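Hydrogens, waters and symmetry mates are skipped; everything else that's a heavy atom, side chains included, is used. Below, chains carry the letters A, B, ... as their sequence lines are ordered, and counting in each starts from 1. Quick caveat, the model's predicted, so the values are computed rather than measured.
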Amino acid sequence: MDEIAVAFPEEGSSSHQRLHGRTTSFASSSQTPTQPFSRQPRIRTPSSSLRHRSSFTSVHSNTSNTSDIIAPIPRRHHTLQAHESRHWLDTPPLSPSAARSDSPMSNVTLSPQALRPMASLTAVLEDTQLDVSFPTQTRQRHTYKKESSESSMARRWARWMHHHGMKDWIIPWVTLVAVLIRWCVGLGSYSGQNTPPMFGDYEAQRHWMELTIHLPVRQWYTYDLQYWGLDYPPLTAYISWLCGKIGSAIDPPWFALDKSRGIETSGSKVYMRSTVLIFDLLVYFPAIILFTKIWQANRSVRTQHVALITLLLQPALIIIDFGHFQYNSVMLGFALLALDFFASDNDLLGALCFVLSLGFKQMALYYAPAIGSYLIAKCLSLGLANGRLLFFRLAVTTLASFIILFLPFLPPFTPLSDIMQPIIRIFPFARGLFEDKVANFWCATNVVFKWKFWVSKGALVKLSTLFTAVGFLPSVLGLIYSGYRIGVLRQEEKQNDQKESTTTNPLLSLLPYALLASSMSFFLFSFQVHEKTILVPLLPLTLLMSSSAADSVTFELGVLANNVAMFSMWPLLQRDGLGIQYIALTLLWNRLIGYNPFRSKPTSFIHLISLAVYAAIILLHIAGFVISPPSHLPDLFPVLNVLISTPVFTLVWLWSIKRGVEVSWAMGTLSSSSSRQSTSGNQHSNSYSRATSVARSDIGDEVQSATSSLATPVEFPSLIATKKRTYRTRSLGFARGDKIKLEWEREKERERVVSLGPGAVR
Amino acid sequence: MASEATTSRATSSSPIKLSRRTPKPSSTLREPITLDDSPRNDEQPQPFISVPSSNVDQVPTGDIAIAERRRPWTLFKTCFENFDLDLQSADWDILVASTCLKVLLFPSYHSTDFEVHRNWLAITHSLPISKWYYDTTSEWTLDYPPFFAYFEKILSIPASLIDPKIVDLHNLNYDSWTVVAYQRSTVILTELVLGAVVHRFVRGSVDSSTQRIISASLFLHPGFLIVDHIHFQYNGFMFGILLWSILMARNGNKLASGFLFAVLLNFKHIYMYLAPAYFIYLLRSFCLSPTGVLLPSRFLSLANAVILVFLISLGPFLLMGQLPQLLSRLFPFTRGLNHAYWAPNFWALVTFADRILLKVTQITGFDNLAINESGVNSTSRGLVGDTVFAVLPNIKPVHTFAITIAFQMIYLVKLWRLPTYKSFLAALTLCGYTSYMFGWHVHEKAILLVLVPLSLLAAESHAYFRTFLIATVAGVYSLFPLLFTPAETLVKIVYSLVWGYLVFEPLHRKIYEFPKSLPFVIIDLLEKIYLYGFFLLQLFVSLFPLVSAGSSGSANSDSSEETGMAFLPLMLTSVYCAVGLVWAFLRLSVIYIRQSETSS
């Protein structure tokens, strides 16, 4: 194994190495590097690296004693060889970049398979031959080389488990680890521990369990509102009732009416923590696992596992749910389940799940514009008849589930006069614009412009609503417009007597961006926002991040936003006494995803910003530790915190809008151009499925490059569009579903070779 | 036989030659280990160890280098030889992840040992050395050997800077956030010794990928997590020194090995259980030539090194004439055969048998047996104190010693005839195991003494692995009752599952062998059933309090404790684990004794 490592030394940055070009090997017996076989590519691509790659196609011999050949080669040639060798034969799941790369066209992370169809037809044919004949040893050698350049802890971990044949157990195992971490965080203190008379969120949740099991339903939203009156939607109340019932069965004093206020026995704490854990396991964990399986279905299993680890150990959610104490994972889990159902075309179930999410916590409303417009767009895209039917069914499902959810609070069971009571409790417009220091627009600008003095409360409500609407409008409109475009396209297809060639839904790729834009605009601009609510926009961002390459903008921004979100909650966590959990979780998660901004020189704009932000964060933490704020500025550190965090969140919001527009524009352009160009039926169907697969391709694409390439779709050789060949053409996530088949077979073969060990090859 | 021994030693020392090719000055490399070497810094100018390099004719190759360039500080230096830790990213992963987990465990339950150690910080900081072993301000008097006292003294200096209340002698049961965070971080930091040593085990090992798994398993051992990071002790640090000594033995540096073991003995005297194996091994393979001729210079250098360590440790107390007081603190013979919770050893089975016999005689009214009345009263609740049997003849400390020594002799004879590194490891494990099985008043934490050296043998063969598997599962489970609080229950179970899967599965895949004949198939099956039985046991232990509380009602919950039913889960745990541990003990003994003296 070491010999192999010598034979393939590390060459510069790994991103460079991932550019291993496609080579045209025409002889496999020579002992020396043969003369480069130049072949002008018959393609024009926006990617310069691509051109570079195909103009130098040297051959790297693959006879058995390769180390003899490679060792004496001078440095310069060596570099050349590193990416001109037959590395391209590697299957994508092996390389972190290829497996993680979002768009195949991203000019940083080109996976060779993705490049191939960009070359000429002859190249495609040659590839085919090579595919058949390449020896296994090359591939295996490559496997070992890649091992050393694994980038993140989660990836190394997953790889190790895969290599030791524990692949099938990785999901239960990761689940156990996630449970362990959650529970360990739960050993710490919670919100409002030892702070009578009001305590904190922990006591609020416990109090709801207490009042729901002892009082009739109509009093739930009216009982002693001063002491943590119920102000979440009914599903929370029902779940509190269930937890209270079970808890009372174990130990009645935990939930005795009024007498149990502020109870802090270790038993009740363990019980409360375990309820969070159980609901987490019942709702959030399955939602995440389904997400990796459905949304990342065309990724390697290992990438799915890495995404799973990334998502399950997301620090902000863990520390709020298990440290501070709340049940956010239930709300987020239902919302995520809705996404999973949308992606698997179960729109009704998805809508139901979203209603449940809304019914659990009103913060799910932040997603509502995106989800609503997605469903409308879906209806539009299905054409007139089908769309109307779906719309009708969705409307009925949503309404019915809402009515069932609120049934105990509706007239037959409750007097008409009280009908508004839950609504008033749930939407507290009576409270201020913001309460504590929260990293949103209002609080940040409050430093220079005292909103509360200059603008009346009513006007503020209107103003904030207006700002919020403006904030999410671009993405919502983008979604609906795309839906409309697709509907038109399908219509044309029908006219051309085309069968519907695909079941994938291109709108899906827009959905996460729309969710992010909408929830972030709510967070930044809406009325009465808590700092914990950052969890809502963090979910779609982390989803996007979990499947993106380590050097993509999505990834960097996602990590930055996650870390800053932790930081923005620092004043809260400090009050709760969760300092070490804050450090440990952040450190662990960043290590897991292999993120260390200080390791390399800043290469991108985002990286530069990250460095500045982290520097500011560290400075502020040190300052907060060393000096106490001056007496006339008691809130100095929280305000500085807000001033650091808000720009980052604003950046994320702007980015999400930009990406949403890009993706929808890309789809729109493509569909119009392809419909214009459709000369033969075959090509037409192909362009269409390409459009869908672009959209469907993994969320987290580098669309800048994707769009630039999409703008020149003419480059595709028409021949490869023949049905038989579809799985060979791997551009743009083109026909990805078929591609998996091939990769999967390859992976199986590779695993067989690996499991046999090095000796078996010889 | 002699030639065989020579060749075997030569082969065993071959990896060392390789690794010694690049000796590096260790000044910069010592950093991770500075915490523990401070007591030994004093011995640098010592003139004792200067061996003339005359009789190197029969010395195995690995030792020539040492013998030739032996200078006063050489011994000290060789301990650190090649200690540059080039940590790979996977090693960092383990370090970061485990540290994060341990930090998250800061707020968890801690036992009285926490207060014990805090009190020792206070004693060593605020009292002169002459009063350390006399102080009785707290009931938790200092009862570890002097090196540990020095160690506490060093730890108390930063502690006094962080929070002076920590080292206040009269501030009993102080557990504010500062002291918890400080003491817990010292455990994490000193455990880095263990990390560094197990990391060094990987280099120069025959199968580095397997050794890597074993090393990681040791560093992440649930035993350490439970005993050190939750319950609170410094076992990770001390086992780090033990493994360091074993590492030196593996590398052929036996003088350093003996030296380190002597140091360890002066940290915690429980390691005396292992001393016989060390004695025989060092005597046979270091002080005697393969033909059995005593090499006086080597013998003297080893003896000098050991005596020196003891002088540094006990010297001050010897001068002050406090040695008897010190020894009486270290060896209190006032306790009973069993601990409150029976450590799952041979005596647990005997005690259990006694209880069963008592029940039987009470039910059948079979009075022929003389029932010891005090034994009946010594209920199964297991109070701290003397365990008195009702039916079976009582056990005296002498008996336990006799049995222990008799068993140990068997392994020592074997070790004498086969003084290789692997044989030494097995004998070492078995010495610890015997003491655990038959010792007087054994604490369940002592199982680590077995599990840690046994781990190093885990990948030798499938037979060893199977023994390791059973002993580890039973041993780790037997530590569970240390953490009885409901909050930590989930931590210990989930962590052990996570760890066990990661360790057992790859090792199992590497060295699996089919059982060879029918008896082995049956044994294999029974062992599997036994291992899966732990799930049932845990289910019972978790549900028992709920069920018994439910059946007796909340009003008489106190009375159920009085009737001894509360002890039932503990007793079952102890007996069930004892079955596995005794079986693993027998397995290991048989494997070791039957081991061919020529092959290894």
Side-chain angles (χ1 to χ4, degrees), chain A residues 1-2 147-154 156-157 159-161 163-166 169 172-189 249-253 266-267 269-271 273-274 277 322-323 577-581 583-592 594 755, chain B residues 88-109 177 180-181 184-185 208-210 212-213 216 222 225 229-230 485-510 512 545-546 549-550 554 557:
Chain A
M1 222 191 278
D2 286 340
E147 279 177 16
S148 56
S149 62
E150 293 286 359
S151 53
S152 73
M153 176 171 169
R156 283 188 288 269
W157 212 358
R159 176 178 54 80
W160 187 83
M161 290 196 68
H163 276 220
H164 284 83
M166 299 187 276
W169 282 86
W173 191 84
V174 168
T175 308
L176 275 183
V177 171
V179 166
L180 179 68
I181 298 285
R182 273 152 221 256
W183 193 259
C184 287
V185 173
L187 292 175
S189 60
I250 297 173
D251 196 0
S266 66
K269 180 185 169 188
V270 168
Y271 178 71
R273 294 279 198 211
S274 62
L277 185 65
F322 290 86
L578 293 168
I580 51 163
Q581 285 85 352
I583 296 168
L585 281 179
T586 314
L587 186 69
L588 179 66
W589 189 70
N590 280 283
R591 178 76 200 171
L592 268 173
S755 67
Chain B
Q88 297 180 3
S89 21
D91 305 328
W92 278 110
D93 290 345
I94 291 173
L95 189 63
V96 171
S98 64
T99 308
C100 285
L101 182 69
K102 291 165 192 169
V103 166
L104 286 179
L105 288 173
F106 272 11
S108 64
Y109 153 85
W177 174 240
V180 171
R184 290 234 191 252
S185 5
S208 64
S209 75
T210 307
R212 192 171 277 277
I213 295 172
L225 192 93
H229 298 284
I230 301 178
T485 49
E488 280 73 22
T489 304
L490 197 71
V491 176
K492 69 191 182 193
I493 296 172
V494 172
Y495 185 79
S496 305
L497 275 178
V498 164
W499 177 86
Y501 181 69
L502 274 199
V503 174
F504 298 142
E505 184 67 23
L507 287 182
H508 172 78
R509 277 171 192 266
K510 270 178 198 276
Y512 183 71
L546 291 179
S554 58
S557 61

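Smallest separation of non-hydrogen atoms from Ala584(A) and Cys100(B): O-SG, 3.4 Å. Smallest separation of non-hydrogen atoms from Arg509(B) and Gly165(A): NH2-O, 2.9 Å. Minimum heavy-atom separation, Ile580(A) to Val103(B): CD1-O, 3.4 Å. Between Met153(A) and Ala97(B), the shortest heavy-atom distance links the atoms CE-CB, 3.4 Å. Contact between Ser89(B) and Arg591(A) at its shortest, heavy atoms only, is O-NH2, 3.1 Å.
For the set Ile583(A), Leu180(A), Leu176(A), the entry with the most heavy-atom pairs within less than 4.5 Å of chain B is Leu180(A). Heavy-atom pairs under 4.5 Å with chain A peak, among Ala90(B), Pro107(B), Ala181(B), at Pro107(B). Ranking Trp169(A), Trp157(A), Trp160(A) against chain B, the residue ahead of the rest is Trp169(A), based on heavy-atom pairs under 4.5 Å.
Contacts between Leu502(B) and chain A at a heavy-atom distance below 4.5 Å involve backbone atoms as well as side-chain atoms. With a 4.5 Å cut-off on non-hydrogen atoms, Leu592(A) does not touch chain B at all. At a 4.5 Å heavy-atom cutoff, the contact between Lys510(B) and chain A is made by side-chain atoms alone. With a threshold of 4.5 angstrom between heavy atoms, Ile230(B) does not approach chain A through any atom at all. Proximity to chain A (any heavy atom under 4.5 Å) is shown, for Trp92(B), by both the backbone and the side chain.
Between Ser189(A) atom OG and Trp177(B) atom CH2 the span is 8.5 Å, to the nearest 0.5 Å. Atom-to-atom distance recorded for Leu104(B):CG and Leu187(A):CG is 8.5 Å, nearest 0.5 angstrom. Here the CG atom belonging to Leu588(A) is positioned 8.5 Å from the CG atom belonging to Leu101(B), to the nearest 0.5 angstrom.
The closest donor-acceptor contact from the side chain of Trp183(A) to the backbone of Glu488(B) lies at 3.5 Å or more, if one exists at all.
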Pair Val179(A)-Leu490(B), side-chain contact (heavy atoms from CB on, under 4.5 Å): steps then yes or no: CA-CA 9 Å; Val179(A) 166; Leu490(B) 197 71; 4.2 Å; yes

